[in-house]
S.K.: 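Take a look at this one; I'll ask things after.
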Amino acid sequence: MSQGTTVTPFEVGAMSAVVGAGVGYALAPRKYNLEQLLTIKPDIFEKSLPQKSMAKASEAQKIAHSVIKEAREAIIKAAGKNAAEEKLVEFLKSPDMYDAYKTIKGFLPKARAQSAIVLGVIAGVIGAIVKMVYNQKHT
């Protein structure tokens, strides 16, 4: 007699969803401190605060995003005059910049949670479908 356990498509889907949520959370944008946010490469900045997510942001978050973007541009311009460090220090001491950062910082965890949920749902659905197809072929 062979003993075996059966795994339902629902169980496979649930486990796939959990794994997908973990992967989605791990791959989502990280929180950066203000200095990192002002000096990271442009492509990483865009991945951290994507335009699609910012379109759904509150008005305060949109304003904070534009303030930080303008500061990043000012630092890049100052780099041409070898004054980037001074400009960065100026922004780091600015209370307005810190307030903008706090507003954006509060937005980043939502992006992580959203990525985890989306990837979890997608992985769960795919896992359940694959299990159903596999069962169909082997019955």
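In this chain, numbering begins with 1 at the start of the sequence shown.
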S.K.: Any side-chain heavy-atom pair from I104 and M54 closer than 4.5 angstrom?
M.R.: yes

S.K.: With a 4.5 Å heavy-atom cut-off, do I68 and M97 have their side chains touching?
M.R.: yes

S.K.: CD1 of I75 to CD of E86: how many Å apart, nearest 0.5 Å?
M.R.: 11.5 Å

S.K.: Share the residues that join V130 in a hydrophobic cluster, the rule being Ile, Leu, Val, Met, Phe, Trp or Tyr side chains under 4.5 Å apart at the heavy-atom level.
M.R.: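 When side chains under 4.5 Å apart are linked, the cluster holding V130 also contains V118, I122, I126.
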
S.K.: Can you list every ring-ring contact (aromatic ring centres under 6.0 Å, His included) pair that touches residues 37-56, not counting sequence neighbours?
M.R.: F45-H65

S.K.: Could I get the full list of side-chain contact (heavy atoms from CB on, under 4.5 Å) partners for A79, not counting sequence neighbours?
M.R.: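 Residues passing side-chain contact (heavy atoms from CB on, under 4.5 Å) with A79: A84.
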
S.K.: Who passes side-chain contact (heavy atoms from CB on, under 4.5 Å) against S66, sequence neighbours left out?
M.R.: none

S.K.: Hey, quick one: are I63 and L34 part of the same hydrophobic cluster, counting side-chain heavy atoms closer than 4.5 Å, chains of contacts allowed?
M.R.: yes

S.K.: Measuring from L38:CG to K87:NZ, what's the distance to the nearest 0.5 Å?
M.R.: 11.5 Å

S.K.: Would you tabulate the side-chain donor-acceptor contacts of residues 9-20 under 3.5 Å, counting partners in other chains and residues two or more places apart, or write 'none'?
M.R.:
from : atom 1 : to  : atom 2 : distance (Å)
E11  : OE1    : T8  : N      : 2.9
E11  : OE1    : T8  : OG1    : 3.4
S16  : OG     : V12 : O      : 2.9

S.K.: Do E46 and K69 touch side chain to side chain, with heavy atoms closer than 4.5 Å?
M.R.: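 Yes, at least one pair of side-chain atoms sits under 4.5 Å.
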
S.K.: Does a side-chain heavy-atom distance below 4.5 Å link N33 with Y101?
M.R.: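 Counting from C-beta outward, N33 and Y101 do come under 4.5 Å.
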
S.K.: When clusters are formed by joining ILVMFWY residues with side-chain heavy atoms under 4.5 Å apart, either directly or through shared neighbours, do I40 and L92 land in the same one?
M.R.: yes

S.K.: Could you grab the distance from atom CD1 of I76 to atom CD of E73, nearest 0.5 Å is fine?
M.R.: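 Rounded to the nearest 0.5 Å, the CD1-CD separation comes to 7.0 Å.
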
S.K.: Side chain of T103, backbone of D99: donor and acceptor closer than 3.5 Å?
M.R.: yes

S.K.: Which heavy atom of A71 sits nearest to which heavy atom of F91, and what is that distance?
M.R.: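 Shortest heavy-atom contact: O-CE1, 3.5 Å.
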
S.K.: Taking it one step at a time, do V67 and D96 satisfy side chain to side chain contact (heavy atoms under 4.5 Å, CB included)?
M.R.: CA-CA 9 Å; V67 166; D96 292 337; over 6 Å; no

S.K.: According to salt bridge (charged side-chain N to carboxylate O under 4.0 Å, His left out), who are the partners of E85, at least two apart in sequence or on a separate chain?
M.R.: none

